[in-house]
K.L.:
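Would you mind keeping the following structure in view while I ask a few things?
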Amino acid sequence: MHAIEIRETGGPEVQRYVEKPDPGRPGEGQILVELAAAGVNFIDLYRREGRYPLPVPCVPGEEGSGVVLAVGPGVTRFAPGDRVAWTTVLGSYAERVLVPEDKAIVVPDAIDLPTAGGVLVHGMTAHFLAHDSYPARAGETVLVHAAAGGVGMLLTQMLGRRGVRVIGTVSTGEKERIARANGADEVVRYTETDDLAAEIRALTGGEGVHAVYDGVGAATFDASLASLRVRGTLVLFGGASGAVPPVDVMRLLWGGSLTLTRPYLEHFRATVEEFERRANAVFRGIADGTLRFTVAGTYPLAEAHRAHTDLASRATSGKLLLVP
């Protein structure tokens, strides 16, 4: 089979398209899947760069979808021929993937495999942000950074359906159009202001927002803290612009008894039951049209380096996929 292999951490170019042995029969509690599509996520970039631990050499990628070819001993939830999707399974940039049974879920008939291969990480992340990290209530005002990005679009939709006022940040006029189309009530182009926090406070009568959902990281962190009202919450869920340096916790006091949390998807799908509940909520939203999911680009598996370059540029709006 063909796969992407990383032998050392570094830039997009360290990803090599190689031939590797077929995984063979799945082991205890595993299923063997023929890949339909692999999702490209910022965590893949963080691992490739060495920001997150990565055993090298290895096959990167953590999200995908496909058809079950075989099941290993002890597997009870799947059978050959099932259409499945998964998350947090290192080795997903490959034509065949060994997936632990507890990391996979059956894809409903109403959802196509490319959509399933890309929606779970973004969709479940948006779901736990909106329902667990800071469950904003009707009438509250929140700030969503990168509101035209993959998580940002879904998060804005989920919050808007609940009656939350969403202020989104974007970089261009086209991304402003996308953010508004997904329900953002106000949009600020951070590239056109010298004081983002002042802009946010002006939109909230000087009070600040109840919460900030920040997946950008280093470039927005200070403005995010300064945009919060007293007892506001900063949900830092990513670092697209770079990792946030160590923080003096006294900044939370002087900012108004603020709360700072750094959630991770794996901790919000800790059991099979929680995974299925969260994933099926996303699938239902896609199927009934209450959630709109956008695939921004599809790349051959051999061009994983190009997909990483495009994602890192933050010029895309929506999900990037790799296909065999």
Side-chain angles (χ1 to χ4, degrees), residues 9 12 39-54 60-63 87-88 90 92 118-134 136 142-159 166-171 175 178-179 182 184 190 196 209 211-225 227-228 232-247 258-269 278 282 293-294 296 307-320:
T9 57
V40 180
N41 298 292
F42 272 104
I43 192 170
D44 302 342
L45 277 63
Y46 304 157
R47 291 198 187 281
R48 188 207 73 227
E49 294 166 352
R51 271 199 259 171
Y52 287 12
L54 182 72
E62 300 192 19
E63 174 187 38
T87 66
T88 59
L90 191 63
S92 296
V119 76
L120 282 185
V121 167
H122 284 175
M124 291 200 300
T125 297
H127 191 275
F128 81 68
L129 292 174
H131 292 84
D132 299 276
S133 293
Y134 185 82
V142 302
L143 174 61
V144 175
H145 286 302
V151 173
M153 287 191 286
L154 293 168
L155 178 58
T156 297
Q157 293 174 50
M158 291 180 186
L159 294 168
V166 177
I167 302 171
T169 65
V170 299
S171 58
K175 288 193 172 185
I178 292 169
N182 282 279
Y190 63 84
L196 178 58
V209 295
V212 178
Y213 302 93
D214 188 344
V216 178
T220 52
F221 183 79
D222 289 339
S224 293
L225 279 180
S227 297
L228 290 167
T233 298
L234 171 51
V235 183
L236 180 69
F237 66 94
S241 67
V244 174
V247 178
L258 307 178
T259 297
L260 170 63
T261 181
R262 179 55 174 94
Y264 174 46
L265 174 58
E266 186 71 356
H267 300 144
F268 289 86
R269 46 140 298 164
R278 212 175 289 284
V282 174
F293 173 69
T294 301
H308 277 219
T309 298
D310 290 350
L311 183 60
S313 74
R314 297 174 61 197
T316 60
S317 296
K319 192 61 178 266
L320 305 185

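Throughout, numbering of the chain's residues begins at 1 and tracks the sequence.
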K.L.:
Evaluate the criterion side-chain contact (heavy atoms from CB on, under 4.5 Å) for residue pair V209 and L228; output intermediate values, then yes/no.
P.N.:
CA-CA 5 Å; V209 295; L228 290 167; 4.1 Å; yes
K.L.:
With sequence neighbours excluded, what pairs up with N41 under the side chain to side chain donor-acceptor pair (under 3.5 Å) test?
P.N.:
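Side chain to side chain donor-acceptor pair (under 3.5 Å) check on N41 returns E63, K319.
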K.L.:
Set out, in order, the CA-CA distance, both residues' side-chain angles and the distance that settles side-chain contact (heavy atoms from CB on, under 4.5 Å) for V151 and F237, then state yes or no.
P.N.:
CA-CA 10 Å; V151 173; F237 66 94; 3.8 Å; yes
K.L.:
Is there a side-chain contact between F128 and R278 (heavy atoms, below 4.5 Å)?
P.N.:
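They are in contact (side-chain heavy atoms under 4.5 Å apart), so the answer is yes.
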K.L.:
What heavy-atom pair brings V212 and S227 nearest, and what distance separates the two atoms?
P.N.:
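That would be CG2-CB, 4.5 Å.
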K.L.:
Please identify each residue that fulfils salt bridge (charged side-chain N to carboxylate O under 4.0 Å, His left out) with R262, with sequence neighbours left out.
P.N.:
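Salt bridge (charged side-chain N to carboxylate O under 4.0 Å, His left out) check on R262 returns nothing, list empty.
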K.L.:
Between CG of N182 and CE of M158, what distance do you get to the nearest 0.5 Å?
P.N.:
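Answer rounded to 0.5 Å: 11.5 Å.
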K.L.:
Search all heavy atoms of Y190 against all heavy atoms of S171 and return the closest pair with its distance.
P.N.:
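Closest approach of Y190 to S171: OH-CB, 3.3 Å.
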K.L.:
Using side chain to side chain donor-acceptor pair (under 3.5 Å), reason through D214 and T220 one step at a time and then give a plain yes or no.
P.N.:
CA-CA 8 Å; D214 188 344; T220 52; 2.8 Å; yes
K.L.:
Output the distance between atom CD1 (I167) and atom NE2 (H145), rounded to the nearest 0.5 Å.
P.N.:
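One finds 10.5 Å between CD1 of I167 and NE2 of H145.
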K.L.:
If you measure from OG1 on T125 to OH on Y213, what distance do you get to the nearest 0.5 Å?
P.N.:
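Between T125 OG1 and Y213 OH, I get 13.5 Å after rounding to 0.5 Å.
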K.L.:
With rounding to the nearest 0.5 angstrom, report the OG to CG distance, S224 to L260.
P.N.:
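Taking OG in S224 and CG in L260, the distance rounds to 10.0 Å.
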K.L.:
Nearest 0.5 Å, please: how far is CG in L90 from CG in L54?
P.N.:
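Atom-to-atom, L54:CG and L90:CG are 6.0 Å apart.
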K.L.:
Angle class for the H127/H131 ring planes (parallel below 30°, perpendicular above 60°, tilted otherwise)?
P.N.:
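The arrangement is parallel - the two ring planes meet at less than 30°.
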K.L.:
Under 4.5 Å between any side-chain heavy atoms of D44 and P60, yes or no?
P.N.:
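Sidechains of P60 and D44: no contact.
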K.L.:
So do T294 and S317 actually touch side chain to side chain, heavy atoms under 4.5 Å?
P.N.:
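No, every pair of side-chain atoms sits at 4.5 Å or beyond.
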K.L.:
Start with the C-alpha distance between I43 and Y264, add both sets of side-chain angles, then the distance that settles side-chain contact (heavy atoms from CB on, under 4.5 Å), and finish with yes or no.
P.N.:
CA-CA 10 Å; I43 192 170; Y264 174 46; 3.9 Å; yes
K.L.:
For residues A307 and L320, report the shortest heavy-atom separation together with the two atoms involved.
P.N.:
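Minimum heavy-atom contact is O-CD1, 3.5 Å.
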K.L.:
Which pair of non-hydrogen atoms, one from G239 and one from Y46, has the smallest distance, and what is that distance?
P.N.:
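Smallest interatomic distance, heavy atoms only, reads N-OH, 2.8 Å.
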K.L.:
Looking only at heavy atoms, which two atoms of A243 and R51 are closest? And how far apart?
P.N.:
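In terms of heavy atoms, the two residues are closest at N-NH1, 3.5 Å.
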K.L.:
Taking the side chain as C-beta and beyond, is there a heavy-atom pair between P245 and F221 under 4.5 Å?
P.N.:
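No, every pair of side-chain atoms sits at 4.5 Å or beyond.
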K.L.:
Do you know which two heavy atoms are closest between G217 and V244, and how far apart they sit?
P.N.:
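Taking every non-hydrogen atom into account, C-CG2, 3.6 Å.
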K.L.:
Main chain of V216, side chain of S241: is a donor-acceptor contact present, judged purely on distance under 3.5 Å?
P.N.:
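Indeed, once roles are kept as given, a pair shorter than 3.5 Å links the two residues.
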K.L.:
Find out whether V235 and P263 are in side-chain contact, i.e. whether some heavy atom of one side chain is under 4.5 Å from a heavy atom of the other.
P.N.:
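When only atoms from C-beta onward are counted, P263 and V235 do touch, with a gap below 4.5 Å.
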K.L.:
Using a 3.5 Å distance criterion without hydrogens, assess whether the side chain of Y52 forms a donor-acceptor pair with backbone atoms of L45.
P.N.:
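No, the answer is negative, given that no donor and acceptor are paired below the 3.5 Å cut-off.
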K.L.:
Distance from S133 atom OG to F268 atom CZ, nearest 0.5 Å?
P.N.:
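Spacing of OG (S133) from CZ (F268) equals 4.0 Å.
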K.L.:
Taking the side chain as C-beta and beyond, is there a heavy-atom pair between F42 and V121 under 4.5 Å?
P.N.:
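No, every pair of side-chain atoms sits at 4.5 Å or beyond.
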